[in-house]
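The chains referred to below are lettered A, B, ... by the order of the sequence lines, with proteins before strands, and numbering in each begins at 1.
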Number of protein chains: 2
Amino acid sequence: MPDTPFLHVDPARLDRNLAAMAGWAERHGVRLRPHAKTHKCVRVAQRQLAAGAVGLTVATIGEAEVFADAGFDDLFVAYPLWLSEDKARRLRALAGRVTLTVGADSVEGVRRLAEGLGGAPVGVLVEIDSGMHRSGVPADSVVSVADAARDAGLTVAGVFTFPGHGYGLDTARADAAEQEARSLAVAANALRDNGIDVSVVSGGSTPTARLADPGVVTELRPGVYVFNDAQQLELGSCGIDDIALTAVSTVVSASGSRVVLDAGSKILGADRPGWTTGFGRLADHLDARLVSLSEHHAVAEFPPAAVVPEVGDRVRVIPNHVCTAVNLVDELFAGPDPYGELESWPVAARGANS
Amino acid sequence: MPDTPFLHVDPARLDRNLAAMAGWAERHGVRLRPHAKTHKCVRVAQRQLAAGAVGLTVATIGEAEVFADAGFDDLFVAYPLWLSEDKARRLRALAGRVTLTVGADSVEGVRRLAEGLGGAPVGVLVEIDSGMHRSGVPADSVVSVADAARDAGLTVAGVFTFPGHGYGLDTARADAAEQEARSLAVAANALRDNGIDVSVVSGGSTPTARLADPGVVTELRPGVYVFNDAQQLELGSCGIDDIALTAVSTVVSASGSRVVLDAGSKILGADRPGWTTGFGRLADHLDARLVSLSEHHAVAEFPPAAVVPEVGDRVRVIPNHVCTAVNLVDELFAGPDPYGELESWPVAARGANS
């Protein structure tokens with residue numbers, strides 16, 4: 001066993017999660033193009049393709065390079081890239097060896113893209129803001145970006161959106177899925193009315209994936225579902241038995257109903273949306289809460305009647321946001337027993353931010 | 001210039017920050033043992049020693065190994081270590097080549113430490129909880145841990161605390177510094193009364209360092225002061241001209257008073273205490289706020305009258321918590337002009353969590 005803290009993957013649960021999402025997509029006639037930013041790991045991506053995924057989604061050119069090097073030949077950079085000279089060179093090189101699609105959400109962005117690509121074959125999906133208010137254009141403005149792309153000589157293949165506002169309690173997931181379907185339908189129809197052959201209508205996100213409208217979307221891009229995390233657990237989009245990754249930690253200090261673990265924000269990440277109940281959950285103590293987090297300490301508070309772990313005990317933490325946790329380590333440790341024999345799975349695209 | 005996003009260091013500001021803290025320590029007769037977890041970078045640590053630091057503080061055995069390999073010979077692991085068999089072996093190896101001190105805050109921990117060290121020369125500082133309620137024992141319980149350490153054959157050199165509850169607005173910094181002094185004085189006196197030769201009374205934290213009581217502390221362990229960050233700026237413990245590290249990013253999307261930057265939580269970190277005004281600050285637009293953060297997007301909101309950057313413009317982000325930002329990259333880029341010629345400074349101890 002590696003020294004704590006380390007990230008453990010349960011391969012059986014991982015495979016079950018992959019099969020469940022791929023099965024839903026197949027039953028609903030939707031292509032699955034999972035987001036590799038969650039795992040950044042060739043071993044996981046290979047299992048995703050084996051389970052039925054048609055290709056991968058990535059967030060950066062750097063991630064695309066890592067997966068292209070590993071033999072993946074159909075990649076979508078779901079991001080409104082702004083091409084520096086160097087990024088243009090890197091994107092051209094990628095276009096020469098894989099089927100490549102990129103996002104765009106501005107007239108300036110697509111002009112710059114066309115200029116940087118210099119004719120290299122890259123498909124474009126226009127990003128739609130379906131309510132998250134991050135990047136993307138309103139559905140009814142899609143034509144201006146698509147026209148600029150076409151005028152610049154690029155091929156527009158369709159539209160995509162990320163309904164990230166589905167990360168919330170109560171009706172947030174259902175509302176976001178509904179807005180996703182409505183926005184994508186409006187945008188895709190506007191492109192069709194404008195003479196564009198729309199082959200891709202792409203939605204995303206683990207909380208909303210199974211609520212997507214197969215009458216609208218042709219493709220889904222969930223990421224977190226491979227491992228799940230404390231956010232998904234508290235949103236209700238997974239159960240405790242679907243958690244396939246935990247941070248194995250050691251109790252280093254204890255006082256009454258509180259214990260301090262050696263897993264802090266430098267292995268769990270510091271994500272802590274207001275609707276979560278703490279900085280993560282304890283896999284074997286669901287009644288405890290992580291009430292504070294430092295770089296190398298997590299403080300867990302136990303309820304009055306609970307049996308509290310002792311100094312030296314090992315405790316498995318479910319990170320709030322598994323994508324940022326995985327990006328903090330060079331390798332994942334996989335095997336059926338977190339305290340038994342484990343195999344190293346390199347996080348090949350860790351830190352590939354640009 | 002590297003592709004955005006990347007972390008830029010201004011060496012002149014860094015050196016000014018190092019000199020200012022070292023000057024304060026020297027004028028007050030206090031030794032400076034800065035915490036290297038902030039920068040994890042040999043180049044920065046060398047400058048700290050050149051500016052007068054007596055040695056380094058680290059958080060993990062892994063960090064200690066990196067700095068020992070780089071020639072640093074006086075290291076304090078400010079953490080209540082629980083020694084696995086492997087960690088015991090690694091700590092013994094370190095003790096054979098550097099002057100080593102470690103933290104402890106429990107009877108079980110020191111017994112395990114003594115057993116694991118098997119006589120290797122390592123000093124012990126007992127950790128005191130001065131009000132943060134993380135690790136550490138109450139000041140009046142210090143003797144039980146010190147006695148256990150002595151009984152197990154370890155040398156207790158004194159006490160340390162981290163007044164992390166000084167991270168707050170209004171009187172938090174002053175209150176925490178006062179509690180730090182009081183707790184350390186009580187604990188040090190209790191050890192002296194018990195016949196222990198107390199040579200180290202160690203305090204810490206950038207917000208409280210210059211409020212420390214030189215009549216009590218013999219040593220200070222600030223970390224963040226080398227670069228500072230948006231937290232320090234908003235706490236009032238540094239000014240805008242003391243910010244020596246920013247994340248250089250590109251505007252990739254814009255809509256009205258909002259722009260989206262390509263620096264997200266995978267380069268800034270997701271730290272966002274309730275008292276901060278957002279997920280970081282913009283170095284050249286102090287009136288803007290980072291209202292939301294995803295892994296590869298930061299959404300900045302500008303006030304009505306502001307000149308808003310355009311798609312393709314570069315924008316420098318001050319991370320909320322520089323320690324977690326630095327831990328996300330393999331190298332820092334240093335030079336007077338963030339858009340000019342830059343030198344690579346490796347983050348040698350990145351990810352050294354165990």
Within a radius of less than 6.0 Å around CZ of Arg92(A), do more than 12 heavy atoms belonging to other residues, nucleotides or ligands occur?
yes
Under 4.5 Å from any heavy atom of chain A, what part of Asp105(B) do you find: side chain, backbone, both or neither?
side chain
Would you say the side chains of Ser292(B) and Arg134(A) form a donor-acceptor pair under 3.5 Å?
no
Quick check on Ser255(B) against chain A: is it the side chain, the backbone, both or neither that has a heavy atom closer than 4.5 Å?
neither
Which atom names give the shortest non-hydrogen contact between Trp82(B) and Val251(A), and what distance separates them?
CB-O, 4.4 Å
Counting heavy-atom pairs closer than 4.5 Å to chain A, which one of Val329(B), Leu328(B), Val260(B), Val311(B) comes out on top?
Val311(B)
Ignoring hydrogens, what is the shortest heavy-atom contact between Lys266(A) and Lys37(B)? Give both atom names and the distance.
NZ-O, 3.0 Å
Assess the residue pair Glu85(B) and Met1(A) against the criterion (side-chain contact (heavy atoms from CB on, under 4.5 Å)); give the C-alpha distance rounded to whole Å, side-chain angles, the decisive distance to 0.1 Å, and a yes or no.
CA-CA 11 Å; Glu85(B) 214 168 290; Met1(A) 197 187 83; over 6 Å; no
Best-contacting candidate, Thr250(B), Asp262(B), Val259(B), Val137(B), against chain A by heavy atom pairs under 4.5 angstrom:
Asp262(B)
Looking only at heavy atoms and a cut-off of under 4.5 Å, which of Cys323(A), Gly62(A), Gly351(A) has the most pairs with chain B?
Cys323(A)
Tell me, for Asp330(B) versus chain A, whether the close heavy atoms (under 4.5 Å) come from the side chain, the backbone, both or neither.
side chain
Interchain contact, Val252(A) with chain B, by part (heavy-atom threshold 4.5 Å)
both
For a quick test of reading the model, state the closest non-hydrogen atom pair linking Ser354(A) to Pro5(B) and the distance between them.
CB-CD, 4.0 Å
Would the distance check show the side chain of Tyr79(A) and the main-chain N or O of His296(B) forming a donor-acceptor pair, the cut-off being under 3.5 Å?
yes
Separation between CZ of Arg258(B) and OG of Ser135(A), rounded to the nearest 0.5 Å:
12.0 Å
Among His321(B), Arg272(B), Glu310(B), Glu127(B), which has the most heavy-atom pairs under 4.5 Å with chain A?
His321(B)
Counting heavy-atom pairs closer than 4.5 Å to chain B, which one of Pro2(A), Ala270(A), Ala263(A) comes out on top?
Ala270(A)
With respect to chain B, which residue among Glu108(A), His297(A), Arg90(A) yields the maximal number of heavy-atom pairs within a distance under 4.5 Å?
His297(A)
Need one label for His133(A): side chain, backbone, both or neither, based on atoms under 4.5 Å from any heavy atom in chain B.
both
Hey, which of Ala59(A), Gly109(A), Gly312(A) has the most heavy atom pairs under 4.5 Å with chain B?
Gly312(A)
Residue part contacting chain A, namely of Val299(B), when any heavy atom lies under 4.5 Å
side chain
Side chain, backbone, both or neither: which part of Arg112(A) has a heavy atom under 4.5 Å from chain B?
neither
Taking the side chain as everything from C-beta on, heavy atoms only, tell me whether Thr4(A) gets closer than 4.5 Å to Asn353(B).
no
